[in-house]
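Remarks on the structure that follows.
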Amino acid sequence: MIKKCLFPAAGYGTRFLPATKAMPKEMLPVLSKPLIQYGVEEAMEAGLTEMAIVTGRGKRAIEDHFDISYELEHQIKGTDKEQALADIRHIINTCTFSYTRQIEMNGLGHAILTGETLIGQAPFGVVLADDLCIGEGEGVLSQMVALYHKYRCSIFAIEEVDPQETDRYGIIEGDNIADGVYIVKSMVEKPAPENAPTNLAVIGRYILTPDIFDILRETKPGKNGEIQITDALQTQAKNGMVIAYKFRGIRYDCGSLEGYVKATTELFRKMQEARE
Ligand code: G1P
């Protein structure tokens, strides 16, 4: 059983300045819910209840969010506003949260390695909260957990992107062995469109086997001089097997203003339709 889910959440969120000057980007709301809560709910739905969050300076609001706020809850007790906290209450009662700090920013691979102390020696999920995923039928992590039980190796989510935008993603090449399932042959971090082998891009959902930590320790700085999880997964794929999974659902790139506005608009419309 996979129980732990890692949330790398130390990044600065410079694309959202000035909003993220004093507030973590993971706390930006889509409708009235912060991005990281969507990720935690997706993990919970997949049966993962031990949340491990890699934070950094200026991220205290995340810890406060997944905690009780006595004064506020006392104030709204018995009013119709109480309902607004029901979901987060349920999360706090069901999950545990542990935190560690990333002292220096040195890439996603480095952030994941920083989380080792919270994860230990079991397979675990990874959610990048700024990729907001709405699964079709079931959540994206649930779909991936089911696949993990079949293949027992590291798995990550992919989708087809605009071939002109390959330099924003890890890009893979693989053998399509089943509906949406690829065995990874090679992968490269953020290639220019002319160097990209395909337009199959890595999305911020991973299930990793714990040997990834030893591989990350040995992984040399790659793109932008940072330790890349893409490079570590490439090593894992060469030494054994890694699966890329074209998930059922929609993903919004809430790390960009355009994707963030799209998520907000579409989820607002869905909320209104559900009310009608
Ligand atoms: C990271 C990964 C990249 C992946 C992307 C998904 O990049 O390094 O391989 O495609 O997440 O969102 P970042 O968006 O942190 O630059």
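First listed ligand is number 1; within each ligand, the first listed atom is number 1.
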* Contacting atoms of ligand 1, where contact means under 4.0 angstrom from a heavy atom of D131 -> 6 (C), 12 (O)

* Asked: Which is closest to atom 1 (C) of ligand 1 in terms of heavy atoms, I229, L108, V188?
  -> L108

* May I ask you to list the atoms of ligand 1 that are less than 4.0 angstrom from any heavy atom of L128? => 11 (O)

* In the hydrophobic cluster built from side-chain contacts under 4.5 Å, what are the other members alongside M1? -> none

* Structure fact -> Here the atoms of ligand 1 under 4.0 Å from any heavy atom belonging to T230 are 9 (O)

* Structure fact -> Numbered in order shown, the ligand 1 atoms found under 4.0 Å of a heavy atom of Y169 are 10 (O)

* **Stepwise side chain to side chain donor-acceptor pair (under 3.5 Å) test for E226 and H110** => CA-CA 8 Å; E226 297 176 330; H110 180 256; over 6 Å; no

* Asked: When only distance counts, is K190 in polar contact with ligand 1, meaning an N/O pair under 3.5 Å?
  -> yes

* To do: Give yes or no for whether the N/O distance cutoff of 3.5 Å, strictly under, is met between V202 and ligand 1.
  => yes

* Salt bridge flag under 4.0 Å for residues K220 and D231 -> no

Under 3.5 Å, side-chain donor or acceptor atoms of residues 178-192 against the rest of the protein: list the pairs with distances, not counting sequence neighbours.
from : atom 1 : to   : atom 2 : distance (Å)
S186 : OG     : E173 : OE1    : 3.3
E189 : OE1    : T230 : OG1    : 2.6

* Could D131 and R205 be called an ion pair, given the rule that one side-chain N must be under 4.0 Å from one carboxylate O? -> no

